[in-house]
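Let me begin by presenting the structure, written as structure tokens, before commenting on it.
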Amino acid sequence: MAPNSELTTGLNEPQERAVRHPGGPLLVLAGAGSGKTRVLTSRIAWLISGQQVRPEEIVAFTFTNKAAAEMRERIAALVGSTQGMWVGTFHSTGVRILRRFGPEIGIPRNFSIYDYDDQVSVVKEILREMGLGADREATPKKILGRISDAKEAGVSPEELAREARGPLDRRAGQVYGLYEAALARASALDFDDLIVRTLALLRQRPDIEESLSRRFRHVLVDEYQDTNTAQVELVRRLGGVHRNIFVVGDDDQSIYGWRGADPTNILRFEQAFPDAQVVRLEQNYRSTMTILKAANAVIRHNRNRKGKELWSEREPGTLIEWVETADEEAEAELVRGRIARGIEAGLTTGDFAVLYRTNAQSRALEGALRRSGTPYQLVGGVAFYQRREVKDLLAFLRLLLHPEDDLAFRRICNVPPRGMGATFLEKLDQAARETGLPLQSALFQWADEGRLTGARNAGALQLVHLLRDLRKLTGEDITLVAEELIERLEYRKYLAQSEPDTAEERVANVNEFVGGAAAFALRAEDPSLEGFLAEAALIADVDRMAEGGERVTLMTAHAAKGLEFPVVFVVGLEEGLFPLTSFSTEPSHLEEERRLFYVALTRAEDQLVLTSTRFRRRYDLSGASMPSRFLAEIPGELLRGAPAPSRGTLPTERPRLQSAAPPAAAEPAGTSWVGRFLNHAQFGPGRVVEQEGKGSQAKLTVEFAGGVRRKILARYVEEDF
DNA sequence: GTCCGTCCCATTTTT
DNA sequence: TGGGACGGAC
């Protein structure tokens, strides 16, 4: 066990103050790269080794499983073990509490967890049963969004139906109750339930709340800025007795507002806990001063924030590079070229990350890297546990534990095809309704009554045998169960035959699935099948990201939070894309986009390369694009090689214009200026939106980067293209 | 019941 | 642009 003083060696003054905080609510406002994980882990180690706090008296919440694992590892390195300590995401901690106490409020102990896709399927099924077709206004996803909001806000199905405003609310109100019933029938909880039902438990059973909050002398929360209202209440209740609530966060890195995170939680911490103390960590140990200056300048444009200035003892470092390319192929090519150049200069592929706003942007980048043989890893996209072949296997396993899970049954009953298609399922469904049995039980009943005869039903009978045989194995090692399942299904063979094009990848996923199960069996506290299924539902793709592999990392800016790389590319810096404004342009949304950009910038240790294109292909609107307003927010003296708005240099590359590009190039001079792209000596590139008068005498209204509009005389502009 | 073609939909971010 | 859902033909 490390001596007390050793734990705080090398900490700066505010860090040490936070670690040694005597008790009561504390908010640590920790800027990017300011060592917040170190503070959290040192704090826990200090509590254990110096303050006689026992591990089981500590509960710590993180945002990802990966962060939890890392925290556990680092604490173990300091104090030897984390045995008994609760370190996990809000959702996994909810699972833990509900597995123990759920039956007290009518939740089956071994409930299964429905992920987003499962939720969507449930809603679709309900709409189908209601005889409702596609509705542009009320798509399954939109309905689910309303239901999720309602659940989080504690609104019941009846209330939602009663207070419905507009057709979407009304439809959601109708579906909500049926949705909850369907989940209950399948013994399933969704993501929201894991938090909300835990809260319900604590509210309904003060004795349980009391015993838990008495146990947890210290409650710690990482990434507090990403909490939602329900999560904050959970923290408050669990910390209710001892009030040692230690939260770490950065209001400038709140990027999950769209899924219910409330950045004002962190702004209001001191109101919620009037005796709260605040420690600010502003010294950054990651990035060069140039990068920090840029990040500070950008985030200063947000109004709704606490206000922090990052600083570093590091050298200024190289300037930030901004390159504008013709289109996304050229952009990808540029990234590839810069990486190659960096490697020649002694860097390794693992030193690079390419960050983008939307997953769709990875395609061009992947293409360029693949063609050049540069190894890369893609984080996100279709996550591992969402892949069809993996979900099929998970559905089988789920069905072993939960015969009542009709969703899982529907998914696998004809995988691989065994003559149980739509017609068969229809009949089975009817029988199930009449008897009130789950689909699987109805099938078993048919088998027992000897109704599954003949070649026609051979497949169905085989499925019955398979499920019954496997069920006998559920107590065994999960790797064994998974292997047996795949073997008996001849699943690899099926994949190879049915989809030769993707078979290799899918088989690899199946193998990784088995490997993952084996690793889980070794590592997990609770190596049961239900433990494995819970983890599979709660795991994110970032959690699986390979550590230190010699590969370029490609991911969204969201996925990059908490990570750092020597060289970072932020691509696609165009108006409409980053900031992404297709959904909303209201100021609060724009501030979140800016925080996201801030997160992206502060991932870089040494070098930052920003790129934008002049032509962007998108599914909805393809066409000429404008540089992102965020670029204009970086002080010109920190940038190089760019058509910096403040300097107005002409871009060097000419775009390969395509049909969707503005008409300017083809049009004879002297007709209309509207729609043309031009370059202004002072304001930089812009697009003409209005015109008064004609020719060089014309008065133009031009929109520049950042959406700024100015009136300009035509004779003061040079045509860009 | 399966295969293949067409059409239509969606793409923000994910525990 | 691509992938998934649906419908028609074998």
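Numbers restart at 1 for each chain; the letters A, B, ... are given by sequence-line order, proteins then strands. What you are looking at is a predicted structure, and each value in this text was computed from that prediction instead of being measured.
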Proximity to the side chain of [X] - top-ranked nucleotide from [options]:
X       : options                   : result
R363(A) : dT15(B), dG2(C), dT14(B)  : dG2(C)
Y256(A) : dT14(B), dT15(B), dT12(B) : dT14(B)
T89(A)  : dT11(B), dT12(B), dT15(B) : dT15(B)

Those residues that, when tested against D222(A), pass side-chain hydrogen bond (donor to acceptor under 3.5 Å, both in side chains) (two or more places apart): K36(A)
Please report the distance, rounded to the nearest Å, between [atom1] in [X] and [atom2] in [N].
X       : N       : atom1 : atom2 : value
R411(A) : dG4(C)  : CZ    : C1'   : 13 Å
D115(A) : dT14(B) : CG    : C1'   : 11 Å
L580(A) : dT13(B) : CG    : P     : 9 Å
L144(A) : dT14(B) : CG    : C1'   : 13 Å
E328(A) : dT11(B) : CD    : C1'   : 13 Å
L577(A) : dT13(B) : CG    : P     : 11 Å
E593(A) : dT13(B) : CD    : C1'   : 9 Å
L538(A) : dT14(B) : CG    : P     : 16 Å

Write out a two-atom table: protein N or O, nucleotide N or O from nucleotides 1-4 of chain B, distance below 3.5 Å.
{"from": "dG1(B)", "atom 1": "OP1", "to": "G421(A)", "atom 2": "N", "distance (Å)": "3.2"}
{"from": "dG1(B)", "atom 1": "OP2", "to": "T423(A)", "atom 2": "OG1", "distance (Å)": "3.0"}

Work out how far the C1' atom of dA5(C) is from that of dT12(B), and round it to whole angstrom. 23 Å
Return the set of residues passing salt bridge (charged side-chain N to carboxylate O under 4.0 Å, His left out) with E125(A) (not counting sequence neighbours), or none when no residue passes. R128(A), R410(A)
Between [X] and [N], is there a contact of a side-chain N or O with OP1 or OP2 at under 4.0 Å?
X       : N       : result
K141(A) : dT11(B) : yes
N359(A) : dT13(B) : yes
T64(A)  : dT14(B) : no

H402(A) and F111(A) aromatic centres sub-6.0 Å: no
Determine whether the aromatic ring centres of residues F513(A) and Y491(A) are separated by less than 6.0 angstrom. no
According to the 5.5 Å centroid and 30° plane-angle thresholds, does W258(A) stack upon the nucleobase of dT13(B)? yes
Inter-residue atom distance K142(A).NZ - I147(A).CD1, 0.5 Å rounding: 14.5 Å
Reckon Y116(A) touches a base, only the sugar-phosphate, or nothing at all at heavy-atom distances under 4.0 Å? nothing
Are K561(A) and F63(A) in a cation-pi contact, defined as NZ or CZ under 6.0 Å from the six-membered ring centre and within 45° of the axis? yes
Which residues pass the side-chain contact (heavy atoms from CB on, under 4.5 Å) test with V120(A), sequence neighbours left out? Y116(A), K124(A), P140(A), K141(A), L144(A)
Can you list everything that forms a side-chain contact (heavy atoms from CB on, under 4.5 Å) with S121(A)? Sequence neighbours excluded, please. L407(A)
Between T358(A) and Q119(A), which residue's closest nucleotide on DNA chain B lies nearer the 5′ terminus? T358(A)
Parallel, tilted or perpendicular: which describes the rings of W258(A) and H558(A), with under 30° parallel and over 60° perpendicular? perpendicular
Any Lys/Arg nitrogen of R398(A) or D118(A) sitting under 4.0 Å from an Asp/Glu carboxylate oxygen of the other? yes
Under the 3.5 Å rule, do the base of dT13(B) and the side chain of R357(A) count as making a donor-acceptor pair? yes
A correct dot-bracket answer for DNA chain B, with pairs being Watson-Crick or G-U at under 3.5 Å, [ ] for crossing pairs and | for inter-strand pairs, is |||||||||......
